[in-house]
Amino acid sequence: MSLSSIIHWSLTSERKLNNMANDKKTVEAITPINEDFGRWYTDIVKNAELIDYSAVKGCVILRPYGYAIWENIQKIMDGMFKDTGHENVYMPIFIPESLLQKEKDHVEGFAPEVAWVTLGGSEELTERLCVRPTSETLFCDHFAHIIQSYRDLPKLYNQWCSVVRWEKTTRPFLRSREFLWQEGHTMHETREQAEQETQRMLEVYRNFCEKYLKMPVISGRKTDKEKFAGAVATYTIEAMMHDGKSLQSGTSHFFGDGFARAFDIKFTARDNTLQYPFQTSWGVSTRIIGAIIMTHGDDSGLILPPAIAPIQVVVVPVAQHKPGVLEAASSLRDRLKAAGLRVLLDDSDQSPGWKFAQHEMRGVPLRIEIGPRDIEAGQCVAVRRDNAEKTVVALSELEVRVPELLSTLEDGLYERALSNRESRTYACKNFKELESAVKSGPGFYKTMWCGDEACELKLKEQLDISSRCMPFEQENLSDVCPVCGRPAKHMVVWGSAY
RNA sequence: CGGGGCGUAGCGCAGCUUGGUAGCGCGCUUGCUUUGGGAGCAAGAUGCCGCAGGUUCAAAUCCUGUCGCCCCGACCA
């Protein structure tokens, strides 16, 4: 028996025992978060009814609760894009092969994971069509038609759509073959304007993650090795997950005029000369839902930040068959709804305990219990999802206290995520320190770096870590690269990534 | 792509070694009683045993092939 089969055997039998022990209680017990993070994650996405697996490997069904999270994310982000002057468009799902191949680096980067359509009905197509893995080429083809003059610039476009990348290893939300996202594509008169746009949209992403998702991120630049195929520079926001691994949560690319040249996009400039415009693109995908799960979740399941939670408050009536209870509960619901909250009154005929567990699994930020005793006392009981803290709320103060509780919960989520990141972040002056930091567990390892890709590759080989980003907020940890000893140019955050 | 494991009711699994009427728990349906942390009793319904061949009087069980999923590793804009 090989080592891995022994490990597998002991895991499955352990699970069997767990299941047997839990049978009385529930069939939906999830793996403890610190026992097997990967399994915990899969348990969550299925048990919280975010997704179901489909007939095609790597393509998941977003169930109503999971899709509602995406809709809330969309609503907020779309507003932020509109506020920064962007317009939504929709491009076709297919890209002719000749179009995809116009930019050399781009096609090389994406070719291995592109899905092709070769037949229309039973007829072989004269040119095969790729199912878009990203839409730079389509936008460029279109921009070439509509940009003539500096007066046509800037073009600030965004589209909400799905893209397909034929991945070998897949995980719900984190890496699937088809996923939903938004991709912004912009064209500018000058290099500076495009560079500014790249940074501006990264800042929109950072703001969105920190303000609404309560997820601290590090923003910075990718090394050349890690940058987007065809980009001059790629910027990223990196978030640390519960287990210390890094998740690239949004990217913003500066393309220079490379694509413009490849696609022959030209405009007449103010000085009556023909110029190539400068381009950006930026994207956030449903992967961000994976980030939310892995940042905030715990042993009881999901914890959703209120801003994107499909249900912000669940009202659970206790002894709901008794006269007056359901009426009191639905009046609570109506008042909270009127106060602008997303509320569910769970009047299903499950026991209260079952409802508690169920809504905890689904990450509802705040639960309100109301039973005969409360009604008599003119109160209800609010329970925070993140720390199970119970607060007695006078019914007369409902509209004031509930938003307060949600807001302190938001602060709590952010603080907890931040302190997890801080406790797993290591500043390393030399190779020895880096090595021992890596040994002490997954995390962010900050070091200086000479800028040479050879050193980057060496760290991958020797310590199995890759560069996550070169943060905008640089620190001076030492004067030399810990790998080669040459003068250090940048501070880099290293880690292992999802 | 390499190594390992698993496909039996909606879910989790037993049965396979040694072939002989398809099982258990949860869930589901109906009724009654319950309700402040995953309720109880009673009566029900649900299976091309992944698929295709083969051996046999007889296959969930043995043999061959095949497809799918999971884990570990490699790869991964």
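Quick note on labels: first sequence line is chain A, next is B, and so on, each numbered from 1.
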What is the distance, to the nearest angstrom, from the [atom1] atom on [X] to the [atom2] atom on [N]?
X: Lys245(A); N: C76(B); atom1: NZ; atom2: C1'; answer: 13 Å
X: Asp52(A); N: G10(B); atom1: CG; atom2: P; answer: 13 Å
X: Ile51(A); N: C69(B); atom1: CD1; atom2: P; answer: 14 Å
X: Glu376(A); N: G36(B); atom1: CD; atom2: P; answer: 17 Å
X: Leu100(A); N: A77(B); atom1: CG; atom2: P; answer: 16 Å
X: Arg171(A); N: C75(B); atom1: CZ; atom2: C1'; answer: 16 Å
X: Arg175(A); N: A77(B); atom1: CZ; atom2: P; answer: 8 Å
X: Arg39(A); N: G12(B); atom1: CZ; atom2: P; answer: 12 Å

In whole Å, measure the gap between the [atom1] atoms of [N] and [M] for me.
N: A74(B); M: G65(B); atom1: C1'; result: 28 Å
N: U56(B); M: G40(B); atom1: C1'; result: 50 Å
N: G50(B); M: G3(B); atom1: C1'; result: 23 Å

Pick base, sugar-phosphate or nothing for [X], based on heavy-atom distances below 4.0 Å to the nucleic acid.
X: Glu108(A); result: nothing
X: Pro317(A); result: nothing
X: Asp349(A); result: nothing
X: Thr134(A); result: nothing
X: His321(A); result: base
X: Val381(A); result: base
X: Arg367(A); result: base
X: Lys227(A); result: sugar-phosphate
X: Glu136(A); result: nothing

Return the pairing partner of [N] with a 3.5 Å limit on both distances, Watson-Crick or G-U wobble; otherwise return none.
N: U29(B); result: A43(B)
N: C1(B); result: G73(B)
N: A22(B); result: none
N: C16(B); result: none
N: G68(B); result: C6(B)
N: U34(B); result: none
N: A60(B); result: none

Side chains of [X] and [Y] only: does a donor on one sit below 3.5 Å from an acceptor on the other?
X: Asp346(A); Y: His359(A); answer: yes
X: Ser135(A); Y: Glu183(A); answer: yes
X: Thr170(A); Y: Ser176(A); answer: no
X: Thr447(A); Y: Trp449(A); answer: no
X: Thr234(A); Y: His253(A); answer: yes

Notebook entry, point to check: According to a strict under-4.0 Å criterion, is Ser351(A) in side-chain N/O contact with OP1 or OP2 of A39(B)?
Noted result: yes
By nearest atom, which of the nucleotides [options] is closest to the [X] side chain?
X: Ala319(A); options: A77(B), G37(B), U35(B); answer: U35(B)
X: Thr169(A); options: U35(B), G37(B), C75(B); answer: C75(B)
X: Phe110(A); options: G36(B), A77(B), A39(B); answer: A77(B)
X: Val318(A); options: G37(B), G38(B), G36(B); answer: G36(B)

Notebook entry, point to check: Would you say the base of G37(B) and the side-chain of Glu360(A) have a donor-acceptor pair closer than 3.5 Å?
Noted result: yes
Checklist line | Trp181(A) six-ring centre to Arg132(A) NZ/CZ under 6.0 Å and within 45° of normal | finding: no
Notebook entry, point to check: Is it the case that Arg367(A) places NZ or CZ above or below the six-membered ring of Phe356(A), under 6.0 angstrom from the centre and within 45 degrees of the axis?
Noted result: yes
Note to self: Please report whether the ring centroid of Phe110(A) lies less than 6.0 Å from that of Phe228(A).
What the structure shows: yes
What nitrogen or oxygen pairs link the protein and nucleotides 66-68 of chain B at under 3.5 Å?
none

Check: Given that Lys390(A) and Phe179(A) both sit by RNA chain B, which one's nearest nucleotide is further toward the 5' end?
Finding: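 Its nearest nucleotide lies further toward 5', so the answer is Lys390(A).
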Check: What residue pairs, at least two apart or across chains, pass ring pair (Phe, Tyr, Trp, His ring centres under 6.0 Å) with a residue in residues 158-177 of chain A?
Finding: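 Only Trp70(A)-Trp160(A) qualify under ring pair (Phe, Tyr, Trp, His ring centres under 6.0 Å).
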Next item on the list: Look only at the side chain of Asp452(A) and the backbone of Cys455(A), and say whether a donor-acceptor pair between them is shorter than 3.5 Å.
Entry: no
